[in-house]
Every structure is written in structure tokens, then in C-alpha cells.
Amino acid sequence: MTDILQQDIQYLPGVGPSRKKMLNEELGISCYGDLLQYYPYKHVDRSRLYSISELTGDMPFVQVKGHILSFETFKMSARKERVVAHFTDGSGKVMDLTWFNGGKYAKQNYTIGKEYIVFGRPNVYNGRINVTHPDMDAAEKLDCVPHSDQPVRELSTMGMQPYYNTSEKMKKSGLNSRSVERLTKTLLDVLKTPLPETLPPFITEKLHLMSRDDALRKIHYPQNARELEQARVRLKFEELFYVQLNILRYASDQRRKYRGYVFSKVGDYFNGFYRDNLPFELTNAQKRVIREIRKDMGSGRQMNRLLQGDVGSGKTLVALMSMLIALDNGYQACIMAPTEILAEQHLQTIMDFLRGMDIRVALLTGIVKGKKRQEILDGLLDGTVQILIGTHAVIEDTVQFARLGMVVVDEQHRFGVAQRAKLWNKSTNPPHVLVMTATPIPRTLAMTLYGDLDVSVIDELPPGRKPIVTQHVFDRSLPSLYDSIRNQIHQGRQVYIVFPLIEESEKIDLKNLEDGFQVLTQVFPEFRLSKVHGKMKPADKEAEMQKFVSGETQILVATTVIEVGVNVPNASVMVILEAQRFGLSQLHQLRGRVGRGADQSYCILVTGFQLATETRKRIDIMCETNDGFRIAEADLKLRGPGDLEGTQQSGMAFDLKIADIARDGQLVQMARDEASAIIEDDPTCTSERYAVLWRRLKELRKTNINWGAIS
Ligand code: ADP
Ligand code: MG
């Protein structure tokens with residue numbers, strides 16, 4: 001289909017080769033459609049004129065019509081001057097327009113006595129209303145309809161003026177928001193015939209959505225706030241809807257293509273473990289989730305399940321028991337961890353749990369080499385290795401299984417749809433997949449990022465855990481913090497002290513850690529300290545960590561390498577230095593390292609005295625709640641989904657232009673509902689009734705690299 005929206009942007013009147021280049025490089029705009037979808041970041045109501053007597057110092061942007069009485073120039077320094085224009089609306093009242101920069105230009109270009117519409121944010125200076133760096137338009141220019149031969153119209157029908165983001169470079173070459181505005185106006189004139197509708201009438205009618213043509217025009221030039229809102233809703237819904245349709249189509253495709261292994265038997269491994277090895281009663285949440293998993297695995301459908309549960313909620317045990325079901329049915333199982341330390345810890349935990357049972361468990365990571373590695377690979381191929389524990393390397397490698405029936409992926413962050421798809425190619429039938437995440441993902445994000453997965457939630461912690469007490473202290477009160485640490489250690493507890501490590505400045509951070517470690521050894525001469533960081537050799541790291549685990553050292557000084565993994569129930573204090581440098585979910589993960597034993601645990605967030613508002617909010621939320629879901633919601637709101645770790649490689653569309661997963665939760669749900677009803681009704685995507693949709697989806701998949709990645 002040759003579409004006018006594909007038309008090269010240089011054919012648009014007002015765009016020459018140099019502007020084309022600029023638009024291309026700075027905004028990624030290369031065709032009409034790109035410009036059409038370059039939505040304004042805000043609008044300003046141009047429909048109302050104010051008189052000077054109405055203005056106060058706390059108003060948003062306003063506009064006043066009037067003329068300049070005189071200019072005045074004030075020397076500020078040898079080279080700088082301030083230019084003030086005295087401006088009246090004819091009522092006898094006067095306000096000031098001030099330029100700290102570009103005053104000379106103003107004096108040359110604005111004519112005394114001529115009618116202007118002045119636009120800006122008023123403030124009060126020296127008892128007078130003042131607007132600094134106002135936008136000025138000749139009144140007669142604004143009063144007429146641009147690009148048309150219609151007669152002058154009333155300003156009050158002008159509606160809302162769009163504002164577009166432009167880069168510094170663009171502004172320097174004169175391509176500012178106003179210029180982009182002229183371009184979008186021209187574009188909408190050029191697009192005379194209505195743009196084709198991309199949603200079927202049964203949806204637009206049911207949800208009272210504006211037509212696509214209307215929406216794409218009104219998103220730039222609405223008459224009023226209500227119209228703008230309607231246009232936004234329509235465009236957001238459409239974006240979210242196609243994302244959902246894409247995910248659900250994919251999931252339903254996979255379901256039709258692949259049958260799952262039927263694990264109908266619950267046998268000696270599972271039952272024996274339950275009877276003889278389970279060291280404690282399962283929580284109700286664990287029981288429920290295990291039931292859900294058993295049902296999936298017995299259904300003949302391949303399981304694709306996301307297991308969400310806060311840190312310490314006992315996901316490992318659920319994973320292990322699910323793997324035992326695979327074993328009971330004569331299959332192998334595999335668990336993948338994001339780091340070697342965590343893989344090793346899983347090995348430890350699982351070996352402990354399985355003590356006395358005749359099950360062959362093996363660990364395969366990058367450091368397992370030579371003969372040992374070959375033995376394991378052989379064991380996997382002949383089926384004698386029943387449970388494999390490893391890092392993600394096991395899916396990339398040439399690792400072959402005899403009968404892989406179940407895969408557990410721990411910590412989903414770096415493991416999106418595309419990676420999961422690889423598993424499915426490992427055997428004729430894809431194994432059942434359980435993805436575990438300790439960072440609870442807000443529902444709306446889960447629907448988008450892991451939209452093809454069913455979700456189980458462990459929403460209950462094992463009994464007897466005392467909520468962790470979180471406190472914020474300023475770094476000037478470190479001495480008294482050291483005293484309480486000393487106190488805790490004297491009571492037999494252990495302590496983590498975490499230094500931030502951010503990749504870009506790794507060298508500095510490491511030096512920070514080394515220096516900090518020196519200081520701490522002097523502060524605590526009576527205790528023994530361990531130190532670990534990501535740059536250490538795995539063996540050294542392991543050895544240091546082991547000293548802390550065994551209780552030989554009382555304080556573990558670390559970077560965020562301990563974020564995932566480590567389980568030391570006796571550690572009751574987590575001190576996070578320069579806490580302002582950590583994101584919310586990272587703070588929450590770190591906090592989850594304590595509170596694993598029976599003792600009251602503490603998390604101390606240390607920061608400098610000056611805090612940015614956002615930081616303040618993060619710290620406050622941490623002190624307020626231990627609830628991982630609340631923290632994840634807040635995190636999503638504060639940062640937006642684009643910044644969330646892993647979303648870029650997720651293989652799902654996150655280049656949303658207008659919708660916001662965090663703030664448009666309701667629309668995500670609506671889009672999901674509509675999309676899933678359609679997939680259910682037309683699983684093969686062939687019905688004439690939905691032809692518009694399938695055609696549009698195909699188009700989108702062609703132009704969107706992310707979307708293509710999961711086909
Ligand atoms: P997660 O991986 O969800 O963060 P873990 O699986 O590491 O949590 O479990 C945290 C701790 O709780 C482990 O020491 C585990 O043995 C213990 N645990 C798990 N389930 C229970 C339970 N039902 N009762 C008591 N302790 C439990
Ligand atoms: Mg875990």
C-alpha cells in the first residue's frame with residue numbers, strides 16, 4: 001500500500017534538505033507519518049485573553065493583547081544588559097516585559113504602538129506584573145486562520161496551541177517549537193483526505209473512541225481541553241491495544257503450535273520429599289501456587305507461568321517441588337540463575353533440601369570446565385543428571401538434554417520473550433517454563449512485558465518473620481550508627497554495609513569501596529570484615545562470601561553484587577551508604593537480604609543532607625512500607641517503564657509514543673480485554689470480521705523491530 005504517510009518529509013512545504021537532515025537526526029522524523037506522530041508535549045490555552053488588571057503572580061501561562069509604550073535598557077555588567085518593555089492593554093494598566101537575553105533583538109523587532117499578543121507566565125517584580133522572555137505575535141497574524149484564505153477569525157476560537165520538544169541544536173538553527181508547529185499545520189492541510197481508520201467500528205463505538213483521523217488532528221490542534229483528552233485516549237488505546245494483540249496472538253500461536261508434556265503423575269520424588277524432607281509447613285500461598293503449577297503441567301498445554309513473590313517468600317521451594325513433578329514423570333529439570341553466585345547458592349539450598357534422596361543434581365556455569373564439564377554434559381545427554389542448575393549460559397550453550405521437561409528461570413530481568421523462545425527450540429516439545437521474579441511487577445507492566453504468561457503470586461511470607469524496620473539517617477550521624485552496629489554484633493548478629501557501584505564510574509566506585517573498607521576496619525578493630533565486589537575473581541568472591549555465611553566475619557562490606565542471592569539468616573542489619581544513588585527496586589532487593597531469621601532486622605539508608613525531591617520520595621516509600629508490590633508501583637510511577645531494568649531487551653514494544661504503562665493502567669486493562677476477546681473469537685487470525693486488525697498488526701510488525709523479535 002503506498003501511503004501518503006510514508007512520503008519523504010522533504011516533500012513537505014517548509015522542509016528543505018537541511019531541515020530534513022535536522023528533523024531526521026534530531027527527532028528521528030523521516031516521513032509524513034513520523035511528523036504526524038510527533039505529538040506535542042503540552043498545549044496552552046490560547047482561547048482566552050486576559051487584561052492586565054486580572055493578572056497575579058501565581059498564574060500559569062496567559063496572554064494579553066496590547067501595545068508597547070516604550071523600551072528601557074539597564075546595564076547589568078560590562079557585557080550584559082536587561083531590556084524592559086512597558087506594555088499596556090489599553091486599560092491604563094501597564095505591565096513589564098523583560099529580556100535578560102536577546103533584548104537587542106526585541107528592541108529591533110518589536111514596534112512601539114503596534115498591536116501584539118504577548119504570551120508568558122506572569123510574576124510580580126517591584127510591585128508590577130512582569131513577564132520574562134515572553135512569546136510575542138503580531139495580533140493580526142494570530143487573528144487569521146493559517147494557510148487558508150478564510151477571513152480573520154476571533155482569537156477566542158483559536159483553541160489550544162501545541163508545544164513541541166526540540167533539541168538545542170534545532171533551536172540554534174531556528175527550528176523551534178513554533179517552526180514545528182508550522183510544519184504540523186502544513187502537514188494536516190496536505191493530508192486532506194481523512195486518514196484510514198485502524199480500529200473496527202465495534203470497538204470505537206463500544207468505547208466511544210474518536211476516529212483516527214480526528215484524533216491525529218486534534219492531538220495537535222484541539223479546540224479545548226476536552227477534545228485534547230479524547231484524542232489522547234483514542235491514540236493511547238490504539239497503541240496499547242496493538243501491543244496486547246501482538247502479545248496475545250503470539251501466545252495463542254505458541255499454544256496451537258506446541259503441545260505441552262503431560263505430567264499427570266505425582267510420584268515418589270514429590271511425595272517422598274513432602275513427607276520426609278520438607279523442613280516446615282508450606283504457607284497457604286505456596287500451597288495454592290503449587291496447585292496451580294500442577295494443574296498446568298497436567299493439562300497437556302505447555303506451561304508458561306510467571307511466579308511473583310516478594311524477597312524471602314519461598315519461591316525456591318516452590319520451584320524445587322515443581323521440578324520434582326517433572327522428575328516423577330521421567331523428565332529432567334533445569335533452573336537458571338542470573339549470576340554464578342546465585343546459581344551456586346541454589347545448588348547449596350537444593351542439595352540441603354534433597355539430602356538423603358537419590359537425585360543427581362549438577363551445577364553448570366562458565367567456571368565449570370574440562371573433564372568435570374564433560375561429565376555433566378554426558379549426564380544430561382544420557383538422562384542421569386536429573387536437575388541441572390546453571391546460569392543463562394545453559395540456554396545459549398551446546399547443552400543438550402535427554403528429556404528436558406521443566407525449566408525454572410530465576411529473576412526474570414534479563415530474560416524476556418525472545419530468550420524464552422530459545423528454550424522452545426531445544427526439543428520437539430517445549431518444556432514447561434516457570435519464570436520467577438523477586439521484584440514484583442505491577443500488573444499493568446506484567447501484562448505488557450510478560451503478557452503471554454499466566455501469573456501466580458505468593459503474597460504471604462513464611463510465619464514468624466518480623467517486618468524489617470527501615471530508617472533514614474544523614475551521613476553526619478554515622479558515628480551513632482556505628483554504635484548501634486557494634487551493639488547488634490555484640491548480640492551475635494551480622495551486618496551488611498553496601499557501597500553503591502554504578503557502571504559508568506566503576507573505577508571511582510571501587511576506590512570508594514576500598515577507602516570505605518579501610519575506614520571501617522579502623523572503626524571496628526574488634527571485628528572481622530569481609531569485602532566483595534563484582535571485579536573479584538569468582539573463587540575469591542566465593543571464599544569471602546563463605547566467611548560471612550559461616551559467621552567467621554561479622555561485617556560484609558560489598559557492592560550490589562549481593563543484591564540477588566545471598567541468604568544469611570543471622571544477618572540482621574543492612575546499611576546502604578549513599579542510598580540516593582540506588583533505585584527503589586534495588587533498595588528493596590538489598591533490604592530483602594535481612595529479615596530472614598527470627599530476629600528483628602533493620603535497614604538503614606544513609607544519605608547526604610541535600611536530597612532531590614525524587615530521592616526524598618524513594619527514601620520515604622522505603623521507610624513506609626515493606627510491601628514489594630507497593631514499591632514496584634511507586635517505582636514504575638517515579639521512573640516510567642522505559643527505565644526499568646530489562647524492558648529494552650524484553651522483545652516487547654516499549655517505544656510507546658503516547659501511552660504510559662504506569663499512568664494509563666485502566667487503558668492497558670481495557671486494551672487487554674478487547675484484544676483477548678478477539679483472539680479467543682478468532683485464534684487463527686483469519687476472520688473477515690477482524691481483517692482490519694490483522695492487516696494493521698502486520699503493518700506494525702513490519703515497521704517495529706521489537707515486535708518482529710518475538711515472531
Ligand atoms: P525467595 O527466593 O522467594 O526470595 P527463598 O526461597 O530464598 O525466597 O526463601 C527464603 C527463606 O525462607 C529460605 O530460607 C527458605 O528455606 C525459607 N522458607 C521457604 N518457605 C518456607 C515456609 N513455608 N516456612 C518457613 N520458611 C520457609
Ligand atoms: Mg530466591
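Whatever order the structure lists ligands and atoms in, that order sets their numbers, starting from 1. Throughout, numbering of the chain's residues begins at 1 and tracks the sequence.
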With the threshold set at under 4.0 angstrom, would you say [X] reaches ligand 1 through any of its heavy atoms?
| X | value |
| --- | --- |
| Asp310 | yes |
| Gly309 | no |
| Met436 | no |

Is Gly314 close to ligand 1, meaning an N/O of one under 3.5 Å from an N/O of the other?
yes
Contact check: Gly312 vs ligand 1, nitrogen or oxygen atoms, below 3.5 angstrom
yes
Taking NZ, NE, NH1 and NH2 as the nitrogens, is one of them in Glu292 or Lys295 under 4.0 Å from a carboxylate oxygen of the other?
no
Can Arg465 and Glu460 be counted as an ion pair, charged N to O under 4.0 angstrom?
no
Donor-acceptor pair, Gln332 side chain versus Arg403 backbone, under 3.5 Å?
yes
Between Asn487 and Asp483, is there a donor-acceptor pair closer than 3.5 Å when you use the side chain of the first and the backbone of the second?
no
Looking only at non-hydrogen atoms, which of Arg596, Gln308, Arg465 approaches atom 11 (C) of ligand 1 most closely?
Arg465
Closest candidate by heavy atom, reference atom 1 (P) of ligand 1, pool Arg593, Lys315, Gln589
Lys315
Could you tell me whether Tyr496 and Phe548 have their ring centroids closer than 6.0 angstrom?
yes
For His588 and Phe629, I'd like to know if the aromatic rings sit close, meaning centre-to-centre distance below 6.0 Å.
no
Is the Tyr331 ring parallel, tilted or perpendicular to the Phe263 ring (thresholds 30°, 60°)?
tilted
Using a 4.0 Å heavy-atom cut-off, say whether Thr283 meets ligand 1 through its side chain, its backbone, both or neither.
both
Using a strict cut-off of 4.0 Å, indicate which atoms of ligand 1 neighbour a heavy atom of Leu282.
23 (N)
Ligand 1 atoms in contact with Glu281 (distance to a heavy atom under 4.0 Å)
22 (C), 23 (N), 24 (N)
